[in-house]
Amino acid sequence: MVAAPGENMRINGDRLWDTLMDMAKIGPGIAGGNNRQTLTDADAEGRSLFKTWCDKASMTVGVDKMGTMFATRAGTDPDALPVYVGSHLDTQPTGGKYDGVLGVLAALEVVRTMNDLGIKTKHPIVVTNWANEEGARFAPAMLASGVFAGVHTLDYAYGRKDPEGKTYGEELKRIGWLGDEEVGARKMHAYFEYHIEQGPILEAADKTIGVVTHCQGLWWLEFTLTGKEAHTGSTPMAMRVNAGLAMSRIVEMVQSVAMENQPGAVAGVGQVFFSPNSRNVLPGKVVFTVDLRTPDKEKLDRMRAKIEAEAKKISDSLGVGCSVEAIGHFEPVTFDPKLVTSVRNAAERLGYSHMNIISGAGHDACWAAKVAPATMVMCPCVGGLSHNEAEEISKEWAAAGADVLFHAVVETAEI
Ligand code: HGY
Ligand code: MN
Ligand code: MN
Ligand code: MN
C-alpha cells in the first residue's frame, strides 16, 4: 500500500497566489486580466517567466516540436514513468488570471512543496505547459496535446492559420519556442490537471473541490455561407442573396436545438467573419463556428446531424451556398477511476467539501486520457464566470485544490 502524505502536508498558498498574480501581469489585458494568446510575444514572455521558476525549483525543462514545455523533477527510480501534472498558460483574448494558469502554477507549487519537505518519489514528476490549449488564435483547441496523443499530425498543426493568415509553425519559430523533442515520444505513468470549474456548479453547491469523473464531448462546426455582394441601399429585398440573414437564422436554430435537448447540452456561436465586412455591402461570404457540447455521445452526434441538416434547409431557402467542416471534435471522456478515487480520498483526508462533477469545458486532460490514466481536480470560480477578464477565485479555493493535487500526485508518484 503506498503511503499517502500526512493530512497536515499542505502547499504554500501565499507562494502559489504570488505566482498567479505575477503571471497575470504579463499580457496586454483589456481590463487588467491576461491576454497571452498562443505564440504571441506575451505568450513567449509568460513562458520565460515560467521557465525561470522551474529552473529555480531545480527542474530540467524540455520543449517539444509543438512548443509544449515539460519541467522534470527527478524520481528515485530512473526506469519509472513520470507522473505528469499540467495545464496551459495561453489564454483567450479576454482571458482571466486563472483558466489554465492555475493548473500550471499549482503543479509548480506541488514541486516546490516537495522540495521544501524533502519528499522523494519513485516516479519523476513532470510539470507541463501545453501549447495552444485555447484554440482561440489557432483552431482547434487542445492542439498540442492532440498531436501528443496522436489525434492530429504535426504537419496539420503547423499548417493551422490564425485570422491574419499566419501559421502555427511560423509563429512557433518566430517566438523562439520550437523545441527539439518528438511530440508524443514521452510516456506517462499518470496525468493530473487542476483547473477552475469555469461554471457555476461548485460555488452554488458550496463545495470547495470538484472530483472530475468525466468531461463532456464537443464538435466545432465551421460553416461557410456564400451569398452575393451587393449594394445595401439600391438592391431590392427580393433580389438579395443574403448570407448574413442565413447566418442569423442558423444561430437562432442552433439555440433552439440546444434548448430542445435540455438538460445536458449546450451550443452557440462565438466567432463570425463577414466578407467584405463593409457597412454598405451585403456579405458575399460569412464564416462562423458552432460550438456544440454534451456528455452524451449519441446526443452529441444526433445534434450535430440536426444542426447541419437544418442549416442546409435555411441556406437553400435563401439561395445561399452552405458548406460545413468539423474543425474540432472529441468524444465524452471518462477519467481514470483509480486516480479519481485518489483525488476524492485526498479531499476527504484534507477535510475539504467535495462533489463529483462533469467538466463543461475541454482540457488537455481529455487528450492525455487517450494515452495514460488521467484525471482532474477543480475549484469553484466566482459566479461561474470564465473566458472573461473578470474571472475570479478566492485564495483559499486556489490553495485547497492545490493541496488535493499535491496529495494525489505524491500518492501516485509513490514516496
Ligand atoms: O473550449 C474549451 O473548452 C477550452 O477553454 N479550450
Ligand atoms: Mn483552460
Ligand atoms: Mn479556456
Ligand atoms: Mn466521434
Side-chain angles (χ1 to χ4, degrees), residues 20 23-24 27 29 33-38 43 46 68 85-107 128-149 151-152 157 160 191-199 201 210 212 214-222 265-271 289-295 300 326-333 357-369 374 376-381 384-393 398 401 405:
L20 282 165
M23 186 59 78
N34 291 319
N35 178 352
R36 289 192 306 279
Q37 287 189 74
T38 298
D43 180 21
T68 294
V85 198
S87 196
H88 60 93
L89 292 174
D90 70 311
T91 75
Q92 287 287 339
T94 55
K97 300 183 182 66
Y98 313 100
D99 171 4
V101 185
L102 177 63
V104 176
L105 300 187
T128 305
N129 168 31
W130 295 102
N132 198 49
E133 189 282 340
E134 289 295 356
R137 185 180 175 200
F138 301 98
M142 299 126 66
L143 184 60
S145 53
V147 178
F148 186 93
V151 173
H152 307 301
R160 301 308 289 164
Y191 176 81
F192 287 90
E193 181 160 355
Y194 173 32
H195 206 288
I196 61 171
E197 178 201 334
Q198 301 184 288
I201 298 168
V212 190
H214 301 80
C215 181
Q216 66 177 347
L218 163 149
W219 281 108
W220 275 6
L221 307 174
E222 186 179 79
V266 289
V269 173
Q271 182 187 71
T289 301
V290 171
D291 180 322
L292 158 64
R293 309 195 197 198
T294 172
L300 184 69
I327 60 166
H329 174 49
F330 53 86
E331 304 199 341
V333 176
I357 190 167
I358 295 174
S359 177
H363 304 283
D364 294 306
C366 297
W367 288 140
M376 296 185 71
V377 181
M378 277 187 177
C379 74
C381 51
L385 186 66
S386 185
H387 285 192
N388 180 311
E389 289 193 354
E391 180 183 272
E392 203 46 77
I393 62 175
L405 182 71

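We count ligands from 1, going down the list as the structure has it; atoms in each ligand are counted the same way. Scope of the values below: all heavy atoms of this structure, side chains included, with no hydrogens, waters or symmetry mates.
Judged by distance alone, the side chain of Thr128 and the main-chain N or O of Trp130 form no donor-acceptor pair under 3.5 Å. With hydrogens and angles disregarded, no donor-acceptor distance shorter than 3.5 Å links the side chain of Arg137 to the backbone of Gln92. Distance alone, capped at 3.5 Å, is enough to place a donor-acceptor pair between the Tyr194 side chain and the Ala398 backbone. Looking at Asn132, its side chain does come within 3.5 Å of a backbone N or O of Phe138 through a donor-acceptor pair.
With a cut-off of 2.8 Å, the protein N/O/S atoms near the Mn ion (ligand 3) add up to 4.
Looking at Asp99 and Gln198, their side chains do bring a donor and an acceptor atom within 3.5 Å of each other. A donor and an acceptor atom, one from each side chain of Glu391 and Ser386, are located under 3.5 Å apart. Side-chain polar atoms of Glu193 and Ser87 form a donor-acceptor pair below 3.5 angstrom.
Residues passing the ring pair (Phe, Tyr, Trp, His ring centres under 6.0 Å) test with His88 are His195, sequence neighbours excluded. For His214, there are no ring pair (Phe, Tyr, Trp, His ring centres under 6.0 Å) partners two or more places apart in sequence or in a different chain.
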Pairs under 3.5 angstrom, nitrogen or oxygen on both sides, ligand 1 versus protein: list them out, please.
from: ligand 1; atom 1: 1 (O); to: Arg293; atom 2: NH2; distance (Å): 2.8
from: ligand 1; atom 1: 3 (O); to: Arg293; atom 2: NH1; distance (Å): 2.6
from: ligand 1; atom 1: 3 (O); to: Arg293; atom 2: NH2; distance (Å): 3.3
from: ligand 1; atom 1: 3 (O); to: Gly362; atom 2: N; distance (Å): 2.7
from: ligand 1; atom 1: 5 (O); to: Glu134; atom 2: OE1; distance (Å): 3.2
from: ligand 1; atom 1: 5 (O); to: His387; atom 2: NE2; distance (Å): 3.2
from: ligand 1; atom 1: 6 (N); to: Glu133; atom 2: OE1; distance (Å): 3.2
from: ligand 1; atom 1: 6 (N); to: Glu133; atom 2: OE2; distance (Å): 3.0

